Amino acid sequence: PVSSDEDLDGDDWSLLANSSELHRATPPVADGIAGCIGDTPLIRIRSLSEATGCDILAKAEFLNPGGSPKDRVALNVIRTAEAKGLLVPHRGDTIYEGTSGSTGISIATLARALGYRAHICMSDDQSLEKSQLLSEMGAVVERVPVAPIVDPSHFVNLAKRRALEHERVHNDGSKGFFSDQFETPANAEAHRRSTGPEILRQVAAFSGTRHAHHHLQHQHQHQTLQSPLAAFVCGAGTAGTLTGVARYLKEDAGLRKGIRIIAADPQGSGLANLVRNGVLYAATEKEGTRRRSQVDSIVEGIGMNRMTATLDAGLHLIDDAVSVTDTQACLMARWLVEHDGIFAGSSTAVNCTAAVAIALTLPPGSRVVTVLCDTGLRHLSKFYKKVGELSAKDEANDTTGTVQPDQH
Ligand code: PMP
């Protein structure tokens, strides 16, 4: 029972869900591709919810026009640069970025739509699907051998250098702009302003009305509110999503009670160790690992082995981490196709695996939110090759009836 209007510990999130602060009316007609970004559905993944007894709710970011949450980041980065006069449309300005692919695709998409050129640097161990798509979108693509971040040829350093060289190379009055997703505040800010509020509004509406309260749209940092979601689980590549959503939920919306921010971490990434032990060190780090791109995994887009401004801004808000092996991610990807018709990208499979692990530690009925980052179409040649190999191995075992030692 609710004792007073000041008691904000109840379960009534309907006011918040409907508050004008969080509600952005969707116009009947979108103004170009940029007008289609965000407001993605929150999908209850039925099979995982039934298996865990919790509601596993996934933000369908693959439905953004550029196919990933990076559309939000690219749009915010471009608008911020325009406001500062660093980018001017239709002047031949070029946006330079170092990326595992998704951010590049979003930049290339918006560059075409908003009057810019795109120049994307990525390491050559990322799936070919992404660089092919970038070329089709008209971006200049430079695939470079994998190198440590201290090496000037690392894809991020190269993108920065190309931006600095722009004026000398082009000499036509146009400017180069390094969008710098690992360091710019505009990255996490995009998620703090859009992804986070959308998630809370959607979970609040899903949670429904139990008690009536006022003031929910005016709640502030100093109030402690029971959260309608028990956990937000998400991988980190730049940590923009994790930092931005965590800052919104914990700082802006004031959710402190009963919410946990969980990093979903692929094998070979140091983030889990950083969160748990305060040391940025990959558990599987070994001779030769430094030659790998970001992390020693077939998963693309997530995993971190170095500190960045974007991660630093949100690290104190991360409560725990779940490490996920490549094999676990592949099995989850296969499960999602078979049970839910969801063709997940590799980071999505890691997110869902970690969400299940967390759900199993929570009371039944808890709500766990995660992110569907992109689809399997961008991961056919690498991640789904391994998924296929695992399936073939299982089928072979089925037909011969032999039991492998590692199946016990
Ligand atoms: N999934 C995919 C497919 C990505 O490309 C990225 C970004 N590198 C992420 C997840 C992680 O997002 P963030 O950079 O916000 O941590």
Side-chain angles (χ1 to χ4, degrees), residues 58-62 64 66-74 76-77 97-108 120-123 125-127 129-131 133-134 155-156 179-192 194-196 232-248 261-266 269 271 275 293-295 297-315 317-318 321 324 329 333 343-354 370-380 382-384:
K59 191 77 172 138
E61 289 299 293
F62 68 89
N64 281 302
S68 85
K70 294 301 190 176
D71 280 359
R72 300 175 190 265
V73 174
N76 195 39
V77 163
E97 185 58 292
T99 162
S100 68
S102 311
T103 305
I105 292 163
S106 295
I107 286 173
I120 304 303
C121 302
M122 58 196 291
S123 67
D125 65 342
Q126 299 300 293
S127 76
E129 293 88 312
K130 291 189 281 194
S131 54
L133 178 53
L134 281 164
F155 62 96
V156 172
S179 54
D180 204 8
Q181 58 168 340
F182 288 93
E183 306 297 331
T184 178
N187 175 357
E189 201 57 22
H191 294 291
R192 185 181 181 181
S194 68
T195 322
F232 176 70
V233 183
C234 181
T238 64
T241 317
L242 205 52
T243 293
V245 172
R247 289 198 72 183
Y248 175 75
I261 304 294
I262 310 288
D265 216 29
S269 167
L271 182 60
V275 170
S293 181
Q294 206 152 291
V295 294
S297 166
I298 55 167
V299 172
E300 294 183 39
I302 56 171
M304 298 188 77
N305 280 325
R306 65 187 178 93
M307 185 53 80
T308 64
T310 305
L311 174 60
D312 196 36
L315 188 59
L317 301 171
I318 305 175
V324 176
F343 187 43
S346 54
S347 61
T348 295
V350 168
N351 283 354
C352 291
T353 308
T370 190
V371 181
L372 306 178
C373 305
D374 65 0
T375 78
L377 284 174
R378 289 184 186 170
H379 303 260
L380 286 171
K382 210 164 114 185
F383 183 73
Y384 275 92

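Just so you know, ligand 1 is whichever comes first in the structure, and atom 1 is the first atom listed for that ligand. The shown structure was predicted, so the numbers you read here are calculated from the model rather than taken from an experiment. When reading the values below, keep in mind they use all heavy atoms of this one structure, side chains included, and skip hydrogens, waters and symmetry mates.
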Asker: Taking the side chain from N187 and the backbone from V73, do they hold a donor-acceptor pair closer than 3.5 Å?
Answerer: no

Asker: Rounded to the nearest 0.5 Å, what's the gap from CG on L133 to CZ on R378? Could you check?
Answerer: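 So the CG of L133 and the CZ of R378 are separated by 5.5 Å.
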
Asker: Any heavy-atom pair between the side chains of H191 and T243 that's under 4.5 Å?
Answerer: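 With C-beta onward as the side chain, the pair stays apart.
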
Asker: Side chain to side chain donor-acceptor pair (under 3.5 Å) between D180 and T184: does it pass, once the steps are laid out?
Answerer: CA-CA 6 Å; D180 204 8; T184 178; over 6 Å; no

Asker: Checking the N or O distance criterion of under 3.5 Å, is ligand 1 in contact with C373?
Answerer: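 In this structure, C373 places no N or O atom under 3.5 Å from an N or O of ligand 1.
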
Asker: Report the part of K70 in contact with ligand 1, treating N, CA, C, O as backbone and CB onward as side chain, heavy atoms under 4.0 Å; options are side chain, backbone, both, neither.
Answerer: side chain

Asker: May I ask you to check whether A239 has an N/O atom sitting below 3.5 Å from an N/O atom of ligand 1?
Answerer: yes

Asker: So S269 and S297, do their side chains get closer than 4.5 Å, heavy atoms only?
Answerer: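 Not in contact.
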
Asker: Just go through C234, A190, G301, G314 and tell me whose heavy atom is the nearest to atom 8 (N) of ligand 1.
Answerer: G301

Asker: List in chain and number order the residues that pass salt bridge (Lys or Arg N to Asp or Glu O under 4.0 Å) with E61, two or more places apart in sequence or in another chain; answer none if no residue qualifies.
Answerer: R72

Asker: So is S100 close enough to ligand 1, meaning a heavy atom under 4.0 angstrom away?
Answerer: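 Under 4.0 Å: yes for S100.
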
Asker: For ligand 1, which atoms, with element, lie under 4.0 Å from some heavy atom of S102?
Answerer: 2 (C), 3 (C), 4 (C), 5 (O)

Asker: Any side-chain heavy atom of P69 within less than 4.5 Å of one from C373?
Answerer: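 A side-chain contact under 4.5 Å exists here.
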
Asker: If I apply the N/O under 3.5 Å rule, does G237 come out as touching ligand 1?
Answerer: yes

Asker: Please indicate whether any nitrogen or oxygen in H379 is less than 3.5 Å from any nitrogen or oxygen in ligand 1.
Answerer: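 Min N/O separation from ligand 1 is not below 3.5 Å for H379.
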
Asker: Which atoms of ligand 1 are found less than 4.0 Å from any heavy atom of G240?
Answerer: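 Under 4.0 Å from G240, ligand 1 has these atoms: 13 (P), 15 (O), 16 (O).
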
Asker: Which of the numbered atoms in ligand 1 are below 4.0 angstrom from a heavy atom of I302?
Answerer: 9 (C), 10 (C), 11 (C)

Asker: Would you please indicate if the ring centroids of F62 and F343 are separated by under 6.0 Å?
Answerer: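 No.
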
Asker: Would you mind listing which atoms of ligand 1 come within a distance below 4.0 Å of any non-hydrogen atom of D374?
Answerer: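 What qualifies from ligand 1 is 3 (C).
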
Asker: Is the shortest N/O to N/O distance between T238 and ligand 1 below 3.5 Å?
Answerer: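 In this structure, T238 places an N or O atom under 3.5 Å from an N or O of ligand 1.
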
Asker: Going by distance alone, is a donor N or O of one side chain under 3.5 Å from an acceptor N or O of the other, for T103 and Q181?
Answerer: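 Judged by distance alone, the side chains do pair up.
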
Asker: With a cut-off of 4.0 Å, which atoms of ligand 1 are near a heavy atom of A236?
Answerer: 16 (O)

Asker: So is there a nitrogen or oxygen of S347 less than 3.5 Å from a nitrogen or oxygen in ligand 1?
Answerer: yes

Asker: Check the pair S346 / E300 against side chain to side chain donor-acceptor pair (under 3.5 Å), numbers first and verdict last.
Answerer: CA-CA 6 Å; S346 54; E300 294 183 39; 5.8 Å; no

Asker: Is T241 touching ligand 1 with its side chain, its backbone, both, or neither, if touching means heavy atoms under 4.0 Å apart?
Answerer: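 Looking at T241 and ligand 1, atoms from backbone and side chain both fall under 4.0 Å.
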
